S.K.: 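Dropping the structure in here first, questions after.
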Amino acid sequence: MAVFTATQLFLKGFQSGSEGTSWIGHFRIQLLVWWVWGVITPLIFWLVNRFRIDKGILLKSIFFHLFSSVSIVAIYLAFYSIIWNTVALNSLTYPMFRTIYIALFLNLFHWHLFIYMAILGVMHAREFYFEVKEKELRSIHLEKDLLESRLMTLKMQLQPHFLFNALNSIVSSIHRERLDTAINMTTGLGELLRISLAEADKELVPLSKELHHLKTYLNIETHRFKDLEIVYDVSEKLMDKLVPNFLLQPIAENSIKHGISKQQDAKKITVAIKQQKGAVLISIFNEGPPLAKEKSEGIGISNIKKRLQTSYEKGASFAMKTVQNGVLAEIHLPV
């Protein structure tokens, strides 16, 4: 840029017939002038990151950058005037500084204001580009995780021990001529298989549908565990909230497998969905033995954590802990 502007100023002086400053003289001045822009540019980068023009703060950011652009260009032209007086005229007096500054302001202010706006535009374009690329990458990972999750969900829902127990309960009910129980279990099992196959490709579903999936599974388990008591404490206003598909059933299965089935007097599962401190809190409590120390996570639990991380980054969390009389699993989702 220094070579370009130095050549332009030299040719302009040559065309007007004025001997004026040599090309080398112009180049020295322009080199210093553009060096000042090089110093200012990181400041503009910082201002863009600090006051990005985006939804929610659009007007505020626009007014800020209008103010900062005028201020920075005004200060820049002051440096330009000092450089011109010092290098070209070998003199720095206030009257001469003022004269040169006014001339530069009237002739170059709009041009350097455009440079500021160009840097601002390039920075925003760069930020938006990387954001789009990051979203595309996250989408690819999410799609991959969803496909994996579909297989894992089917694997978890169709584990041999679950199918064996469910089918064994159905056969036992038929032998005892408890046909209503057998029909209900068969219907529930068929509904669970239908959901697994028909809706496994959906990335997000309303919380109402996810709760339906969970109830379908737990209803089957109530036929296996006759004393099983299920309590739902659900906020209806959150039912339209979108959540990852098949999020809750693996937790409930974990509660049955490691809680209810392991302790004779364990019979209660409580499902609560509430809004708490700007987040959606989903908790599943089961009576039973405490969490085993130093036990590795199963496929279902590790899959839940991975999907939450992919869908919400750091905006969601999952934890399990031992509480009085059982184990509590909690999921925090952004509203």
Side-chain angles (χ1 to χ4, degrees), residues 1-16 18-138 313-315:
M1 290 300 295
V3 172
F4 173 77
T5 51
T7 302
Q8 184 183 34
L9 291 172
F10 175 76
L11 292 176
K12 186 177 180 180
F14 180 80
Q15 185 180 19
S16 64
S18 172
E19 295 182 0
T21 307
S22 65
W23 184 89
I24 294 296
H26 280 299
F27 178 72
R28 288 171 56 198
I29 294 172
Q30 294 304 311
L31 191 63
L32 291 172
V33 166
W34 286 107
W35 179 83
V36 174
W37 261 120
V39 173
I40 292 174
T41 299
L43 173 61
I44 299 176
F45 287 178
W46 181 84
L47 291 175
V48 170
N49 290 326
R50 183 69 178 80
F51 299 95
R52 193 171 119 169
I53 299 176
D54 210 342
K55 292 180 179 180
I57 54 171
L58 184 62
L59 291 177
K60 179 181 176 181
S61 298
I62 289 175
F63 281 119
F64 173 82
H65 283 292
L66 285 175
F67 173 79
S68 64
S69 63
V70 171
S71 301
I72 287 176
V73 172
I75 294 171
Y76 163 78
L77 291 177
F79 278 103
Y80 198 149
S81 180
I82 292 172
I83 292 170
W84 188 271
N85 278 274
T86 304
V87 178
L89 304 178
N90 296 318
S91 175
L92 183 59
T93 63
Y94 177 73
M96 186 58 69
F97 166 82
R98 183 173 178 274
T99 301
I100 297 296
Y101 181 80
I102 293 174
L104 291 174
F105 191 90
L106 294 176
N107 288 279
L108 298 179
F109 177 81
H110 63 286
W111 164 243
H112 289 287
L113 189 67
F114 170 78
I115 293 176
Y116 179 99
M117 295 302 175
I119 295 173
L120 184 68
V122 168
M123 279 297 297
H124 275 83
R126 177 181 177 275
E127 292 293 322
F128 291 140
Y129 171 79
F130 283 116
E131 279 188 5
V132 169
K133 286 297 180 183
E134 184 179 353
K135 288 180 180 178
E136 289 178 353
L137 188 60
R138 283 180 59 197
E313 294 185 336
K314 297 181 179 180

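Note that these values count all heavy atoms, side chains included, but never hydrogens, waters or copies made by symmetry. Computed from a predicted structure; not experimentally measured.
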S.K.: How long is the straight-line distance from CG of L77 back to CD1 of I72, given to the nearest 0.5 Å?
M.R.: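 Between atom CD1 of I72 and atom CG of L77 there are 12.0 Å.
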
S.K.: With sequence neighbours excluded, give me every side-chain hydrogen bond (donor to acceptor under 3.5 Å, both in side chains) pair touching residues 116-132.
M.R.: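 Sorted result for residues 116-132: R52-E131, H65-Y116, S68-Y116.
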
S.K.: Go through the structure and list residues passing ring pair (Phe, Tyr, Trp, His ring centres under 6.0 Å) with F109, not counting sequence neighbours.
M.R.: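 Here the qualifying residues are F105.
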
S.K.: Could you tell me the separation between the CG atom of L137 and the CZ atom of F130, rounded to the nearest 0.5 Å?
M.R.: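 Spacing of CG (L137) from CZ (F130) equals 12.5 Å.
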
S.K.: Go through the structure and list residues passing side-chain contact (heavy atoms from CB on, under 4.5 Å) with I62, not counting sequence neighbours.
M.R.: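 By the side-chain contact (heavy atoms from CB on, under 4.5 Å) rule, I62 matches I53, L58, L66.
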
S.K.: Suppose we screen for ring pair (Phe, Tyr, Trp, His ring centres under 6.0 Å). Which residues come up paired with F45, at least two apart in sequence or across chains?
M.R.: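 For F45 there are no ring pair (Phe, Tyr, Trp, His ring centres under 6.0 Å) partners, ignoring immediate neighbours.
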
S.K.: Output all residues satisfying side-chain contact (heavy atoms from CB on, under 4.5 Å) with A74, sequence neighbours left out; order by chain, then residue number.
M.R.: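 For A74, the residues satisfying side-chain contact (heavy atoms from CB on, under 4.5 Å) (neighbours in sequence not counted) are Y101.
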
S.K.: Would you say CZ of F114 has more than 12 non-hydrogen atoms from neighbouring residues, nucleotides or ligands within 6.0 angstrom?
M.R.: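 Incorrect, the count does not exceed 12.
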
S.K.: For R138, look at atom CZ and say whether over 12 heavy atoms of other residues, nucleotides or ligands are found less than 6.0 Å away.
M.R.: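 Atom CZ in R138 is packed in, count exceeds 12.
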
S.K.: Report the distance from atom CD1 of I44 to atom CG of L120, rounding to the nearest 0.5 Å.
M.R.: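 Output value for this atom pair is 8.0 Å.
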
S.K.: Are the side chains of I115 and V73 in contact, using a 4.5 Å heavy-atom criterion?
M.R.: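 No; the side chains remain at least 4.5 Å from each other.
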
S.K.: Once rounded to the nearest 0.5 Å, what's the spacing between atom CD1 of I119 and atom CG of L47?
M.R.: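 Answer rounded to 0.5 Å: 11.0 Å.
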
